[in-house]
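Quick notes on the structure that follows.
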Amino acid sequence: MIAYLDNAATTQVWPEVAQAAYDAMTQGYFNPSSRYPDAGKAAKALEAHRAAVARALGCSPKEIVLTSCGTESDNWAIRSAVEKNRRRGKHIITTAIEHHAVLNPIEELEKQGYEVTRLQPNSAGVIELSDLEQALRPDTVLVSMMLVNNELGSVMPVKEAAALIKRAGAPALLHCDAVQGFMKVPCCPKQLGVDLMSISGHKIHAPKGIGALYIRSGLKLPPMIVGGGQEGGLRSGTEPTAQIAALAKACELGLARQAQDIAHMRELKQYTLDRIAAEVPQVHPVLVGDAPHVLALTMSGYKSEVLVRVLGDSGICVSAGSACHRGKPSHVYAALGLSKADREGAFRVSFCGDTTREEVDALIDALKNAAQTLFPTMS
Ligand code: PLP
């Protein structure tokens, strides 16, 4: 049996989602820009799919640009926001616990002369609004704050940050990397008050290779890719209609089962915590964030890469910190100020609406076995 507990890394594509992609490839394969009737149908389908994504975000379809992934959305949002505001200043605020899809483009801008303030999290893995308030300046042109941290499951006060930026009168555009928050916590860009929001398909049971950027209506950004003028001229290139159909289907299905899935993930998270507390004394939570799907744990004093491999040998899939940066020490755990032992032993368990208790039971059994073999003196 495989216990797939790495849903923050990626999710299994739902069969109906794969079917939607298959139908788009085999029946609706026409180029939406072509001029005959079947192509017109493909163009209509594309707009219906955009509308389904917009519905899941509670925004207008005109505010959605389809991209290839969360990383592309993040890179574009950041670069274009500072370009848009280039005459207003050269100060950027972000957090020390962003994904590298945000950290790295900001680091590039820093090399080009931008000044960057990186807000540190508190011990709950959350950014303090008072720190943001202090950091905001009249020349702050961008604030980039994630919605849910991918390694900790902590939820950032994005709505309050938006209100603060407005009150402060800073010209900053607010970008939110909602790749881990979409479908897991309230994630409506309008209600949060953000200007730009990134999401990714493969975290919500759509395939890899599709994402979206929400761009607040009225905000005109420089394009990501120029060429044939697709996506309103913002991201040229013949649209990946199959991936878009799949994303739309995942949004549609996800929306219908969202409340139930969130309740299910919360229950499983608590069940995992309870069983670990009762049965695996060598493991404890790094912290318990508010997101329902991510649980950061540590087997303090042991290297999590080894633990992840040992669990993997028993068919249990979890990740050592962020799967995107295998092998490298996590900047998120470092920012939290964890001890070296806790940091090195940290691993992440992450759920989806389809995760079963049996999978968690298999994890607990495997952890107990690993703890016994790895810590003979402690067991
Ligand atoms: N942002 C966060 C918070 C993530 O967790 C990830 C992926 O793990 C990304 C961005 C990158 O998304 P993608 O894999 O779609 O490029």
Side-chain angles (χ1 to χ4, degrees), residues 54 56-65 70 73-99 101-103 105-106 109-110 114-122 124-149 154-182 184-199 212-222 234 290-291:
L57 283 166
C59 67
S60 156
K62 291 195 183 79
E63 295 174 304
I64 296 295
V65 178
S73 299
D74 284 344
N75 271 251
W76 180 26
I78 289 162
R79 290 182 183 142
S80 61
V82 299
E83 170 66 16
K84 166 102 188 147
N85 269 344
R86 69 185 182 285
R87 290 201 184 83
R88 307 180 98 168
K90 289 201 121 188
H91 179 233
I92 297 171
I93 301 174
T94 188
T95 83
I97 56 171
E98 296 295 312
H99 190 274
V102 166
L103 289 183
I106 290 183
L109 290 165
E110 194 172 27
Y114 280 82
E115 197 184 328
V116 179
T117 304
R118 294 177 180 85
L119 305 175
Q120 299 296 321
N122 63 19
V126 176
I127 299 302
E128 299 274 358
L129 287 166
S130 53
D131 291 343
L132 173 63
E133 192 167 18
Q134 270 190 1
L136 277 169
R137 306 189 327 207
D139 64 338
T140 308
V141 289
L142 169 69
V143 176
S144 186
M145 181 184 281
M146 69 197 328
L147 187 53
V148 170
N149 182 269
S154 49
V155 182
M156 304 307 135
V158 174
K159 186 174 182 175
E160 294 76 7
L164 197 64
I165 295 167
K166 225 181 221 157
R167 263 204 318 277
L173 291 168
L174 176 58
H175 165 246
C176 178
D177 174 344
V179 167
Q180 291 292 346
F182 186 39
K184 312 297 191 312
V185 299
C187 186
C188 168
K190 292 219 179 303
Q191 281 177 10
L192 293 173
V194 306
D195 299 297
L196 297 155
M197 179 182 274
S198 310
I199 61 160
L213 181 65
Y214 160 86
I215 306 175
R216 174 181 49 76
S217 164
L219 178 60
K220 297 256 176 295
L221 290 187
L234 290 172
D290 285 340

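Residues: numbered from 1 along the sequence shown.
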Practice prompt. Show your working on side-chain contact (heavy atoms from CB on, under 4.5 Å) between Lys90 and Asp139 and close with a plain yes or no.
Written response: CA-CA 6 Å; Lys90 289 201 121 188; Asp139 64 338; 5.6 Å; no

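- The closest side-chain heavy-atom distance from Leu219 to Lys84 is below 4.5 Å.
- Between Arg216 and Val194 there is no side-chain heavy-atom pair separated by less than 4.5 Å.
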Practice prompt. Start with the C-alpha gap between Arg167 and Glu133, add the side-chain angles, then the distance that decides, and say whether salt bridge (charged side-chain N to carboxylate O under 4.0 Å, His left out) holds.
Written response: CA-CA 10 Å; Arg167 263 204 318 277; Glu133 192 167 18; 5.2 Å; no

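- A donor-acceptor pair shorter than 3.5 Å cannot be found between the side chains of Ser154 and Asn149.
- Put simply, the side chain of Glu63 gets close to the backbone of Ser60: a donor and an acceptor are under 3.5 Å apart.
- Among Leu192, Ile127, Leu129, the one residue that satisfies the side chain to side chain contact (heavy atoms under 4.5 Å, CB included) test with Glu160 is Leu129.
- Side-chain atoms of Val65 and Ile215, non-hydrogen and from C-beta on, do get closer than 4.5 Å to each other.
- Between Pro121 and Thr95, every side-chain heavy-atom pair lies at or beyond the 4.5 Å cut-off.
- Atom CG of Leu213 sits about 9.0 Å away from atom CG of Leu234, to the nearest 0.5 Å.
- Taking the side chain as every heavy atom from C-beta outward, Val185 and Val148 approach each other to under 4.5 Å.
- You'll find the side chain of Thr117 stays beyond 4.5 Å of the side chain of Ile92, heavy atoms only.
- Arg137 contributes atom CZ, which lies 4.0 Å from atom NE2 of His91 (distance to the nearest 0.5 angstrom).
- The two residues Pro105 and Ile78 have their closest heavy-atom pair at CG-CD1, 4.0 Å.
- A heavy-atom distance below 4.5 Å is not found between the side chains of Met146 and Val158.
- Panel note: side chain Thr140, backbone Ala172; no donor-acceptor pair is recorded below 3.5 Å.
- When all heavy atoms are compared, the tightest approach of Ile165 to Val143 is CD1-CG2, 3.7 Å.
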Item to complete: Would you please test Val82 and Tyr114 for side-chain contact (heavy atoms from CB on, under 4.5 Å) and show each step?
Response: CA-CA 9 Å; Val82 299; Tyr114 280 82; 3.7 Å; yes

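- Applying the side chain to side chain contact (heavy atoms under 4.5 Å, CB included) criterion to Ala178, with sequence neighbours excluded, gives Leu147, Cys176, Cys187, Met197, Ile199.
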Fill in: Full working for side-chain contact (heavy atoms from CB on, under 4.5 Å) between Leu142 and His175
CA-CA 7 Å; Leu142 169 69; His175 165 246; 4.1 Å; yes

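- For the residue pair Ser80 and Ala77, the shortest heavy atom distance occurs at OG-O, 3.4 Å.
- Applying the side-chain hydrogen bond (donor to acceptor under 3.5 Å, both in side chains) criterion to Thr94, with sequence neighbours excluded, gives no partner residue.
- Judged by distance alone, with hydrogens and angles left aside, the side-chain atoms of Trp76 form no donor-acceptor pair with the main-chain N or O of Ala81 at under 3.5 Å.
- In the displayed structure, Lys159 atom NZ is contacted under 6.0 Å by at most 12 heavy atoms of other residues, nucleotides or ligands.
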Practice prompt. Determine, step by step, whether Leu173 and Val141 satisfy the side-chain contact (heavy atoms from CB on, under 4.5 Å) criterion, reporting the C-alpha distance in whole Å, the side-chain angles of both residues, the deciding distance to 0.1 Å, and the verdict.
Written response: CA-CA 6 Å; Leu173 291 168; Val141 289; over 6 Å; no

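- Note: Ser198 OG to Phe182 CZ = 12.0 Å, rounded to the nearest 0.5 Å.
- The two atoms that bring Ser144 and Glu98 nearest to each other are O-OE2, 3.6 Å, heavy atoms only.
- Taking both residues in full, the closest heavy atoms of Pro171 and Asn85 are given as O-ND2, 3.3 Å, listed atom of the first, atom of the second, then distance.
- The line from CD1 of Ile93 to CD of Glu115 is 10.0 Å long, rounded to the nearest 0.5 Å.
- In this structure, Arg118 and Glu110 approach most closely via the heavy-atom pair NH2-OE1, 2.7 Å.
- Side chain of Asp131 to backbone of Gln134: no donor-acceptor contact under 3.5 angstrom is found.
- A search for side-chain hydrogen bond (donor to acceptor under 3.5 Å, both in side chains) contacts involving Gln120 returns nothing, not counting sequence neighbours.
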